[in-house]
Amino acid sequence: MELSEANLQTLTEYLQKTLDPDPAVRRPAEKFLESVEGNQNYPLLLLTLLEKSRGTVLSVCAAVTFKNYIKRNWRIVEDEPNKICEADRTAIKASIVHLMLSSEEQIQRQLSDAISIIGREDFPQKWPDLLTEMVNRFQSGDFHVINGVLHTAHSLFKRYRHEFKSNELWSEIKLVLEMFAQPLTCLFKATIELYQSHVNDKSALKVLFSSLILITKLFYSLNFQDLPEFFEDNMETWMTNFHHLLTLDNKLLQTDDEEEAGLLEMLKSQICDNAALYAQKYDEEFQPYLPQFVTAIWNLLVTTGQQVKYDLLVSNAIQFLASVCERPHYKNLFEDQNTLTSICEKVIVPNMEFRSKLLVSNAIQFLASVCERPHYKNLFEDQNTLTSICEKVIVPNMEFRSCCFTVNEFQVLKADGIKYVMIFRSRLPKEQLLAAVPLLINLLQSESIVVHTYAAHALERIFTMRGEDNTTLINRAEMAQLVEPLLTNLFKAMTVTGSSENEYVMKAIMRSFSLLQESIVPYVPTLISQLTQKLLAVSKNPSKPHFNHYLFESLCLAVKITCKSNPTALQSFEEALFVVFTEILQNDVQEFIPYVFQVMSLLLEMHTSDIPLSYMSLFPHLLQPVLWERTGNIPPLVRLLQAYLERGANTITSTAADKIPGLLGVFQKLIASKANDHQGFYLLSSIIENMPPDSVSQYKKQIFILLFQRLQNSKTTKFVKSFLVFINLFCVKYGAIALQEMFDSIQPKMFGMVLEKIFIPEIQKVSGTVEKKICAVGITKILTECPAMMDTEYTKLWTPLLQAQIGLFELPEDDTIPDDEHFIDIEDTPGYQAAFSQLAFAGKKDHDPIGETVGNPKIHLAQSLHKLSTACPGRVPSMLSTNMNAEALQYLQGYLQAASVTLV
């Protein structure tokens with residue numbers, strides 16, 4: 001793809017079509033761009049177009065498209081083709097920083113994110129001059145440029161907050177600190193001096209405070225793993241200025257917006273985060289500064305208003321207090337009852353409205369921290385102390401007095417002028433829980449989102465509480481009279497404006513189904529109708545991942561519970577769900593497609609006869625390469641294909657035989673990836689186990705050649721374990737002679753090499769009960785049903801193989817992994833849509849391909865050896881006496897005695 005005007009024009013036309021609201025115009029354009037993005041110069045065309053169309057919507061579109069292209073393609077995955085040629089990679093890195101810094105803010109953010117994605121893969125080894133180029137821009141004096149650098153640095157370094165410690169990571173952080181910490185500190189001081197000289201210039205303050213927010217975020221990231229010597233030496237500078245910024249009057253940069261946090265609120269919020277980090281991790285170094293921060297943050301809390309825009313600031317401020325009160329040497333700050341009353345009255349209760357889960361969580365954490373810590377024990381020797389403190393500031397509803405106790409977990413509600421406090425502890429008396437359930441069910445009818453949300457959350461918690469026998473504390477029989485009002489009110493709660501996608505209510509529905517089991521069956525037709533309508537609605541614009549997950553879990557439960565007692569209901573479920581599923585698949589709702597595949601697998605696995613035509617019409621589409629490009633699709637897609645093979649291998653052979661190469665193509669793609677090779681083995685095992693032998697006979701040799709190539713080129717422990725299980729499954733299915741002849745047809749004497757180099761030294765690494773059983777039965781067949789093991793050069797391997805099998809039975813699993821072995825992790829893509837979200841209630845049953853044919857593999861080995869020795873008298877005892885380890889021989893004697901057989 002040349003860098004020509006013609007190609008720029010074509011790219012322009014297709015990008016403009018991607019902005020069209022009509023799916024018939026938009027989707028073909030998106031598909032075309034996906035199809036050409038593998039061509040050389042494609043990303044450079046995007047950047048050229050972006051630069052030429054500055055100030056237009058097209059420029060923004062090009063920037064977003066470029067960022068998404070980088071996100072999908074930049075990472076180089078071992079054993080997979082490089083999706084971007086080296087020339088393009090070099091050209092991108094040479095120009096992108098300058099282009100980003102010279103672009104308007106909207107473009108700048110997209111390119112900054114692209115730089116951080118590239119940097120995550122290439123910095124510092126493959127992009128050593130990135131940091132130098134960025135730091136040099138601090139000298140420009142242009143805060144548009146400076147903020148671009150800061151935003152990019154933040155995107156690049158924030159991963160230090162969540163990555164595991166390692167020498168490689170610390171070496172990178174050390175390099176960053178050496179080059180970046182001093183310039184960042186100088187910029188911090190200079191920016192504060194600039195804001196002080198521009199206090200009356202709001203436009204200047206907005207730019208400067210944007211810089212300060214990014215600087216404080218960078219401070220957090222660079223200090224998260226450990227306290228660097230540089231920041232310890234310069235702590236006075238940072239802490240003094242942080243304290244100063246905390247005490248700034250909010251009117252300095254006041255906004256009229258009641259909902260959106262302003263720059264000053266965001267800055268103070270991040271400083272509270274930084275102070276909490278130091279209080280938690282660097283207690284000794286932070287002690288000299290802590291009293292002034294406690295005072296400043298306390299004053300901040302009691303003077304901050306109740307507007308929504310202050311939620312994050314108040315939440316982080318409370319989090320800081322919680323961090324401090326956890327330390328025994330600060331208990332004097334909180335042991336006075338008047339102090340606690342003041343905290344409840346002026347801070348905790350006024351900020352408990354259900355508009356910010358984080359705010360509620362941190363407030364609860366503060367109260368819990370005070371009650372749980374041993375150093376406050378003397379405060380709470382009177383069991384009613386905390387309750388009395390709460391009652392001074394909360395007017396409790398008398399209905400709920402029976403539910404109020406001094407405990408570790410708090411749920412505080414405030415609605416309609418009445419404030420409720422519900423305090424649950426892990427071992428509430430059962431009778432009090434039962435008494436609370438009807439009251440909570442009634443509360444579900446409330447038009448207040450706060451009230452019905454907390455009622456749903458409380459019910460969900462109660463339904464999962466377990467007794468000493470590990471069964472649910474409340475059982476199905478005890479809920480018998482409450483089933484109808486419970487289900488009615490839960491679904492009614494989702495009709496309240498603002499609560500249509502309430503994750504707490506949907507989770508309570510899921511838990512109710514799980515607890516009630518068969519009791520929900522009479523209501524299922526109505527419930528499924530409501531759930532599918534909800535699914536159709538949220539699929540238009542998925543925005544609440546937890547709600548969506550619980551919705552699919554609830555659908556799975558309804559299907560499993562109903563079909564368990566009434567298998568004929570399966571068709572009704574399929575008719576109801578397939579309409580919605582078809583729309584989701586046709587509209588390519590990426591967030592929901594992995595869920596759809598899991599539910600379809602569950603439905604298909606319930607069939608006992610041939611696969612219905614409704615499934616077979618979808619089968620060819622499941623082999624489309626585009627579906628397999630998305631990481632999150634792979635596990636549920638493999639499971640769905642397994643379900644097809646398990647339930648309808650003959651149907652596939654007779655109606656879709658031409659799709660077998662497509663199945664094997666999927667296997668080949670998966671087996672080439674270290675991240676997904678185990679999924680490839682799952683699919684291959686289902687093909688071998690279920691497909692008629694004649695339909696796959698022509699492909700067997702090529703399958704093994706592919707496996708041996710991967711073993712030779714990129715051997716890993718995971719691959720070897722999966723390979724061993726598959727070889728033995730093949731042996732169980734087709735026999736030991738077929739296995740030996742297959743290997744030796746690929747290369748003379750290969751069968752012996754596989755036994756010597758893989759079976760004998762590696763079999764101890766196999767884990768899992770079913771996997772070990774497959775290997776045990778397969779090895780038994782090789783030992784006792786393969787003539788070549790008795791009469792050729794392979795005979796020398798007979799005793800070592802038997803000894804390895806006994807080790808598989810008796811020795812601990814070998815879970816060592818070589819130091820130089822690196823596994824490829826699933827792509828770390830922001831957002832939940834790329835991740836595979838396993839549905840607990842769609843879980844696949846464990847499958848044992850051997851089943852009851854072999855009960856005890858040890859007994860089976862003994863019986864098979866007895867049969868072999870009868871056919872070859874004297875041979876087996878002779879081989880055992882030659883090389884067999886005494887301990888292994890003792891174990892074998894035990895197997896023979898248990899099977900009541902002897903060797904002759």
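Predicted model only: the values in this text are computed from it and were never measured. What's counted below: heavy atoms across the whole structure, side chains too, no hydrogens, waters or symmetry copies.
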[atom2] on [Y] to [atom1] on [X], rounded to 0.5 Å:
{"X": "Cys731", "Y": "Lys781", "atom1": "SG", "atom2": "NZ", "answer": "6.5 Å"}
{"X": "Leu724", "Y": "Leu729", "atom1": "CG", "atom2": "CG", "answer": "12.5 Å"}
{"X": "Ile611", "Y": "Ser617", "atom1": "CD1", "atom2": "OG", "answer": "11.0 Å"}
{"X": "Glu646", "Y": "Leu604", "atom1": "CD", "atom2": "CG", "answer": "9.0 Å"}
{"X": "Leu531", "Y": "Ile509", "atom1": "CG", "atom2": "CD1", "answer": "6.5 Å"}
{"X": "Glu37", "Y": "Asn73", "atom1": "CD", "atom2": "CG", "answer": "4.5 Å"}

Quick one: does [X]'s side chain have a donor or acceptor within less than 3.5 Å of a partner on [Y]'s backbone?
{"X": "Asn676", "Y": "Leu670", "value": "no"}
{"X": "Tyr644", "Y": "Tyr615", "value": "yes"}
{"X": "Ser697", "Y": "Asp694", "value": "yes"}
{"X": "Arg647", "Y": "Glu605", "value": "yes"}
{"X": "Lys534", "Y": "Ser500", "value": "yes"}
{"X": "Asn728", "Y": "Ile774", "value": "no"}
{"X": "Asp22", "Y": "Ala24", "value": "yes"}

Cation over ring face, Lys733 and Phe730, 6.0 Å, 45°: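 Output no; distance or angle outside limits.
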Ring-face cation of Lys700 near Tyr734 (centre distance under 6.0 Å, axis angle within 45°):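 Yes, Lys700 lies over the aromatic ring of Tyr734.
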Is the shortest distance from a Lys or Arg side-chain nitrogen in [X] or [Y] to a carboxylate oxygen in the other one below 4.0 Å?
{"X": "Arg26", "Y": "Glu30", "value": "yes"}
{"X": "Lys701", "Y": "Glu741", "value": "no"}
{"X": "Arg630", "Y": "Asp588", "value": "yes"}
{"X": "Glu762", "Y": "Lys715", "value": "yes"}

Indicate yes or no: at least one non-hydrogen side-chain atom of [X] is less than 4.5 angstrom from one of [Y].
{"X": "Met789", "Y": "Ile782", "value": "yes"}
{"X": "Val521", "Y": "Ser565", "value": "yes"}
{"X": "Leu783", "Y": "Ser864", "value": "no"}
{"X": "Val720", "Y": "Leu711", "value": "yes"}
{"X": "Ser767", "Y": "Lys721", "value": "yes"}
{"X": "Leu645", "Y": "Leu663", "value": "yes"}

Do the two ring centres, one from [X] and one from [Y], sit under 6.0 Å apart?
{"X": "Phe592", "Y": "Phe581", "value": "no"}
{"X": "Phe726", "Y": "Tyr682", "value": "no"}
{"X": "Phe667", "Y": "Phe681", "value": "no"}
{"X": "Phe708", "Y": "Phe723", "value": "yes"}
{"X": "Phe719", "Y": "His678", "value": "no"}

I need the minimum non-hydrogen distance between [X] and [Y], along with the two atoms involved.
{"X": "Asn650", "Y": "Pro692", "result": "OD1-CG, 3.4 Å"}
{"X": "Tyr523", "Y": "Val483", "result": "CE1-CG1, 3.6 Å"}
{"X": "Glu460", "Y": "Ala508", "result": "CB-CA, 4.1 Å"}
{"X": "Cys556", "Y": "Val599", "result": "SG-CG2, 3.8 Å"}
{"X": "Gln764", "Y": "Gly807", "result": "NE2-O, 2.8 Å"}
{"X": "Phe513", "Y": "Ile561", "result": "O-CD1, 3.4 Å"}

Single hit among Thr653, Leu623, Leu622 for side chain to side chain contact (heavy atoms under 4.5 Å, CB included) with Lys659: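 With Lys659 as partner, Thr653, Leu623, Leu622 yield a single side chain to side chain contact (heavy atoms under 4.5 Å, CB included), made by Leu623.
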Residue pair Thr582 / Gln586, side-chain donor-acceptor N/O under 3.5 Å: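 Per modelled atom types, Thr582 and Gln586 side chains form no pair under 3.5 Å.
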Gln712 atom CD, over 12 foreign heavy atoms within 6.0 Å: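 No.
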Heavy atoms of other groups near Gln571 CD, more than 12 under 6.0 Å: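 No.
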Salt bridge (Lys or Arg N to Asp or Glu O under 4.0 Å) evaluation trace for Glu518 with Arg476: CA-CA 9 Å; Glu518 289 84 2; Arg476 185 166 73 245; 3.7 Å; yes
Candidate pair Glu583 and Lys540, rule salt bridge (Lys or Arg N to Asp or Glu O under 4.0 Å), full reasoning: CA-CA 10 Å; Glu583 186 157 331; Lys540 307 296 184 188; 2.5 Å; yes
